[in-house]
Amino acid sequence: MNVQTAPLDAYMVTWQVEHEFGGMTTVCLQRAAAFAERYGHASVVTFNADSAYPELLQGLRERGKLSE
């Protein structure tokens with residue numbers, strides 16, 4: 001049995017992240033968190049450049065919706 005011991009990096013891709021969101025974004029964020037918890041690291045990547053993202057992401061972290 002080949003056991004992976006080194007941390008893995010994963011990327012979850014979504015179009016955008018908003019303050020309030022629904023099913024697919026929720027699944028994306030939850031899967032990224034679960035992967036990071038088990039394997040080491042997971043980033044959520046968005047293709048929607050928004051200058052308000054730093055504040056939005058901090059708010060999501062404070063609400064427990066997004067990990068560091």
Side-chain angles (χ1 to χ4, degrees):
M1 177 182 208
N2 185 8
V3 178
Q4 180 78 27
T5 58
L8 300 173
D9 287 330
Y11 300 92
M12 302 296 291
V13 179
T14 186
W15 179 249
Q16 67 184 11
V17 178
E18 297 181 12
H19 182 71
E20 297 297 327
F21 49 83
M24 291 305 292
T25 302
T26 299
V27 169
C28 182
L29 296 179
Q30 289 175 345
R31 292 261 176 154
F35 191 94
E37 184 178 307
R38 182 164 181 165
Y39 296 108
H41 184 259
S43 297
V44 177
V45 178
T46 177
F47 296 109
N48 183 30
D50 187 338
S51 63
Y53 269 159
E55 295 83 16
L56 172 69
L57 298 179
Q58 185 57 36
L60 292 174
R61 288 182 185 111
E62 290 170 0
R63 291 172 38 208
K65 302 289 184 183
L66 185 67
S67 67
E68 291 294 326

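- The side-chain hydrogen bond (donor to acceptor under 3.5 Å, both in side chains) test applied to Glu37 returns no partner, not counting sequence neighbours.
- Applying the side-chain hydrogen bond (donor to acceptor under 3.5 Å, both in side chains) test to Arg63 and every residue at least two apart in sequence or in another chain returns His19.
- Val27 and Val44 fall into different hydrophobic clusters, where Ile, Leu, Val, Met, Phe, Trp and Tyr side chains are chained together by heavy-atom contacts under 4.5 Å.
- Evaluation of the side chain to side chain contact (heavy atoms under 4.5 Å, CB included) rule for Ala52 yields Asp50, Glu55 as partners, not counting sequence neighbours.
- Not counting sequence neighbours, Gln30 has no partner by the side-chain hydrogen bond (donor to acceptor under 3.5 Å, both in side chains) test.
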Donor-acceptor contacts under 3.5 Å from residues 10-17 side chains, at least two apart:
from, atom 1, to, atom 2, distance (Å)
Gln16, OE1, Asn48, ND2, 2.8
Gln16, NE2, Glu18, OE2, 2.1

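- Considering every non-hydrogen atom in both Ala42 and Ala36, the closest pair reads N-CB, 3.8 Å.
- Among residues two or more places apart in sequence or in another chain, the salt bridge (Lys or Arg N to Asp or Glu O under 4.0 Å) test is passed with Arg61 by Glu68.
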